[in-house]
Amino acid sequence: MLTAQNTITWLDKFGDAIEKNKAYLSDLDTPIGDGDHGNNMARGLTAVKAALADKDDADLTTVFKTIAMALISKVGGASGPLYGTAFLEMAKASKAGTTDLPTLLAAALAGIEKRGGAEAGDKTMIDVWTPVLAAVQAGNLTQAVIDDAVESTKPMIAKKGRASYLGERSVGHLDPGAVSSGYLFTALLEVEAN
Amino acid sequence: MLTAQNTITWLDKFGDAIEKNKAYLSDLDTPIGDGDHGNNMARGLTAVKAALADKDDADLTTVFKTIAMALISKVGGASGPLYGTAFLEMAKASKAGTTDLPTLLAAALAGIEKRGGAEAGDKTMIDVWTPVLAAVQAGNLTQAVIDDAVESTKPMIAKKGRASYLGERSVGHLDPGAVSSGYLFTALLEVEAN
Amino acid sequence: MKKIINDPKDVVPEMVDGLVRAYPQYLKQLPDTEAMVRSDTASMAGKVGIVSGGGSGHEPTHAGFVGKGMLSAAVAGQVFTSPTPDQIYAAIKAVDQGKGVFLVIKNYSGDVMNFDMAKDMAEMDDIDVKSVVVDDDIAVEDSLYTQGRRGVAGTLFMHKVLGAAADQGASLDELDQLAQAVLPHINTIAVALSAATVPEVGKPGFELADDEIEYGVGIHSEPGYRREKIKPSKDLVAELLGKLDDSLQLDQSHQYAVLVNGMGATPLMEQYVFSHDLLDALAEKGIKPAFMKVGSYMTSIEMAGISLTIFDLTDAKWLDYLNYPVETIAW
Amino acid sequence: MKKIINDPKDVVPEMVDGLVRAYPQYLKQLPDTEAMVRSDTASMAGKVGIVSGGGSGHEPTHAGFVGKGMLSAAVAGQVFTSPTPDQIYAAIKAVDQGKGVFLVIKNYSGDVMNFDMAKDMAEMDDIDVKSVVVDDDIAVEDSLYTQGRRGVAGTLFMHKVLGAAADQGASLDELDQLAQAVLPHINTIAVALSAATVPEVGKPGFELADDEIEYGVGIHSEPGYRREKIKPSKDLVAELLGKLDDSLQLDQSHQYAVLVNGMGATPLMEQYVFSHDLLDALAEKGIKPAFMKVGSYMTSIEMAGISLTIFDLTDAKWLDYLNYPVETIAW
Ligand SMILES: Nc1ncnc2c1ncn2[C@@H]1O[C@H](COP(=O)(O)OP(=O)(O)O)[C@@H](O)[C@H]1O
Ligand SMILES: Nc1ncnc2c1ncn2[C@@H]1O[C@H](COP(=O)(O)OP(=O)(O)O)[C@@H](O)[C@H]1O
Ligand SMILES: [Mg+2]
Ligand SMILES: [Mg+2]
Ligand SMILES: [Mg+2]
Ligand SMILES: [Mg+2]
């Protein structure tokens, strides 16, 4: 179950992971993209942190919406609208009454798929969200599930995003958005563990 | 005494020396100039050779004028007008009747001085022309005179031409135009020797 | 990385500020955004607005083409990163005159998504918005199942044509039809000698050896289709023109517009030599461009290289649009 | 050396050919020369001709400024080498309309001598010729006993002012007075991050370490006055503006024109950031430029760096001349 409070903690931990791995994420984005994924995400998560600073007493919907708006207006690139849409869809779902994690994540993933038009196997963040959602629905999300999902993007041929320009030469590289999504779910696991 | 024939041979040898030392002359022009003196002179002497090709039966004045025009219209930069003026002045002097080497060279040097406004000690080709002319007038031009004259530009501070922008930092470098003028007079010595 | 900048994080806001203050007669900046709108507001009255934008690093694109007869506004994202929807939305609102706004988007997932979100926002305000997604880079194979081709230097011809038509009073629907009609006839392909360094990244997008070039590189250092040893300009022309010919089926009975575009660090000297070889190669096919431009217009920061755009002017009006006078910083 | 060229020997003729064929509406080439004359002959009728030129490698200078309201002709020498008198003479003859011809010469021994010889030739044809020798580069100390200061980017302001005046019917004498009046008020100074490579030489004019810059470098890689570690743009502005202030004695009651000029390989991104810092620094002195231009106008092939020109508009008319409309490729 997500609450305003653990969602704030979740994003806080996610922000720390992004900050720590900023250079690594941009490095991953260099051979198969344009080398900015770490910088994009770091800019966005800094904005999220600032925007959440006075939201301690806000409700879950407001928290989701705040996160979504910060991401949408600060990240840019492909990952901004995608992560932003994910949180916007969670805001909508929570407004409709749910605090249930599987339901929220399902809404988020549907939003990502609709926004970007990609599907599982296209070597994008969706290849992490899809197995993670399945595991959450089955009640057995573990770090191994996340790691395997991230790792699964390596042999894939990119079909969406900048990496798709490389065609078969994208094989052998992790997808940067999949790696950052991995951090998102690792942070979620940590929050759930507490 | 200069004749049409030995002047052609003179310029031929000069052209060979320039061609052989093209890179060296441009290298000399790099630290204290713009690195093109070798290319400028080579372009000019190639044009001189081509222009003289059908001048075997021409008179001395025509030969001088042909050389002057080729240099003026092909070298460019500072050295083009200077060498060009030198030969143009020799053409004028020969037209007035002289074939006498000291008289011709004196006219050439006066032309260079007038065209460029430099004087002995300014670290230019004039620092070779001046002692060479004196030696020719005294009837004792030797390779050592030429070499000493060229070498004398090394410790000088440039006052004219691009090297003058360097002020004191021009000290310690040979003047490229002095070196090319050295080749001119070495070629002259070789012609005189025959 | 040796660059004339301050903190790499501040490059975009500082550069936008410098540009707008240097050229107040052309541009004004919308508060709290990196969106730049035409200063000559009167010239927009009663006309459809044209808004373009994208990541920074392609200067003078896009802001250099804002002005009477061309763009109404340009939105600058972070370096090589699409601008965000709120900023695009702000630009749309600022230029709308009740006749609707037309968006020129380059085909990158990021740009497409951010512009789409801005469009959604504007439509909630009852502003009519239509758009074209430019995908002129033939280095990438087109496919329904991928992102498709990239939008590169040919986008400038799209800006020019639409800007001229809008200035002459074309409606939003007419601009939409014009954009769709023009789109397939603009093709571009590039060759790179070195890559760009994004300030916040600090190192080049790729490395080429001292004697190596790469064909088909994109404007964000996206990889191309082949690397080889540097060749004479003539041979580079042959390679690029060959690809464009395959795609456009050049025909001496057609009229063409040509853009020889420097990628940022390539001196005009090289661009003019390349143009000389290009004009020779075209002449051999019996073609003399009806319109030509040579310069660094759609750059990739300090990337060295040239892109070649050919625009098949199948409608004679398009040439008039290209020749239509504009008041911009960079056209 | 990695360049898009063919044989280095052919760079100048090929580039002139490419330029002229790409822009026939602006330029035509005089047969057997690298002199380029305005195509719009009618615009020259009854007016004094303005001829400039110099070594190649500074593109878009000089040919990019040939056109109505600016230069009548430009003569291109070999790379970094003054053009020869016969070619300058051909340009003078081609543009003379019986009102005389004014020459804009940059202060290099080569240029001065070659233009002087051309002047002599023209005078033998009874063409009135006057000239100005531009020496705006304050990096070099001026002295009667040396060559004096170099002519660099400020030359473009000279072209613009004289071109506007000539187009408005100024006589040769009036242009001469105007040029002499304007001359001391145009000052320039540069900072370089890397040097240019002359194609026929094949290696850069000087070497700077990966983190080194040099102040006061000329447009032919002439050495400057100090080397040091690269600094933030703000500090570069402080250094260059400080020198210009010493020389021009900037005064908030005056009006100034400013040219931020990229040296060839410097992206507009950096030029705009530099402009931002410059405008801040000027604002601190209470100065807001009355006219400003930012771009790569007087380049040094692929040299990286920026030059800053400030023109003290002590006569209000000069601002009108700067704003006077022109029809050129590059202004
Ligand atoms: N259409 C899409 N659907 C889902 N994810 C996508 C799509 N396009 C890109 N991505 C994700 O975005 C990531 C790249 O983000 P980022 O580098 O920040 O943006 P950009 O590609 O615009 O530079 C990719 O690694 C991929 O995971
Ligand atoms: N005013 C002058 N008087 C005499 N010689 C000069 C003068 N200016 C330059 N020179 C000579 O010209 C040489 C440089 O020639 P070059 O490199 O071909 O021309 P540029 O300096 O225009 O590149 C110098 O080394 C010097 O000897
Ligand atoms: Mg990226
Ligand atoms: Mg030289
Ligand atoms: Mg990006
Ligand atoms: Mg020279």
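First the proteins, then the strands, lettered A, B, ... as listed; each starts at 1.
- Heavy-atom pairs under 4.5 Å with chain C peak, among Lys74(A), Lys22(A), Arg43(A), Arg169(A), at Arg43(A).
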* When you look at Glu222(C) and Ile32(A), which way does the side chain to side chain contact (heavy atoms under 4.5 Å, CB included) test go after all the steps? -> CA-CA 8 Å; Glu222(C) 295 96 337; Ile32(A) 60 167; over 6 Å; no

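- Contacts between Val79(C) and chain A at a heavy-atom distance below 4.5 Å involve the backbone alone (N, CA, C, O).
- Within 6.0 Å of CG on Asp56(A) lie more than 12 heavy atoms contributed by other residues, nucleotides or ligands.
- Environment of CG in Asp210(C): sparse, with no more than 12 heavy atoms of neighbouring residues, nucleotides or ligands closer than 6.0 Å.
- Between Ala78(A) and Ser109(C) the shortest heavy-atom distance is CB-CB, 4.2 Å.
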* So Ile72(A) and Met117(C), side chain to side chain contact (heavy atoms under 4.5 Å, CB included) or not? Walk me through it. -> CA-CA 9 Å; Ile72(A) 288 172; Met117(C) 289 177 87; 3.5 Å; yes

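- Residues His37(A) and Thr81(C) are not in side-chain contact: their nearest non-hydrogen atoms beyond the backbone lie 4.5 Å or more apart.
- Atom NZ of Lys9(C) has 12 or fewer neighbouring heavy atoms from other residues, nucleotides or ligands inside a 6.0 Å radius.
- The existence of a salt bridge linking Asp116(C) and Lys114(A) is excluded, since no basic side-chain nitrogen approaches an acidic carboxylate oxygen closer than 4.0 Å.
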* Audit row: Met113(C), Thr85(A), side chain to side chain contact (heavy atoms under 4.5 Å, CB included) steps and yes/no -> CA-CA 10 Å; Met113(C) 290 188 273; Thr85(A) 299; over 6 Å; no

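- In this structure, chain A has a heavy atom under 4.5 Å from the backbone of Asn107(C), while its side chain stays farther away.
- Residue Lys93(C) qualifies as open at atom NZ: its count of foreign heavy atoms under 6.0 Å is 12 or below.
- Interface remark: Leu166(A) contributes side-chain atoms only to the contact with chain C (heavy atom separation under 4.5 Å).
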* Dump the intermediate steps for side chain to side chain contact (heavy atoms under 4.5 Å, CB included) on Tyr165(A) and Tyr225(C), then the final yes or no. => CA-CA 10 Å; Tyr165(A) 302 128; Tyr225(C) 62 84; over 6 Å; no

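- For Lys65(A), the NZ atom sits in a loose shell: 12 or fewer heavy atoms of surrounding residues, nucleotides or ligands are nearer than 6.0 Å.
- Comparing Leu82(A), Asp34(A), Asn39(A), Val75(A) by heavy-atom pairs within less than 4.5 Å of chain C, the highest count is held by Asn39(A).
- Closest non-hydrogen pair, Gly77(A) versus Asn114(C), comes out as O-ND2, 2.7 Å.
- With a 4.5 angstrom heavy-atom cutoff, Tyr108(C) touches chain A via backbone and side-chain atoms both.
- The contact between Glu200(C) and chain A is made by backbone and side chain atoms together, counting heavy-atom distances below 4.5 Å.
- Proximity to chain C (any heavy atom under 4.5 Å) is restricted, for Ser164(A), to the side chain, taken from C-beta onward.
- Between chain C and the options Gly35(A), Gly161(A), Gly33(A), the largest number of non-hydrogen pairs under 4.5 Å is found for Gly161(A).
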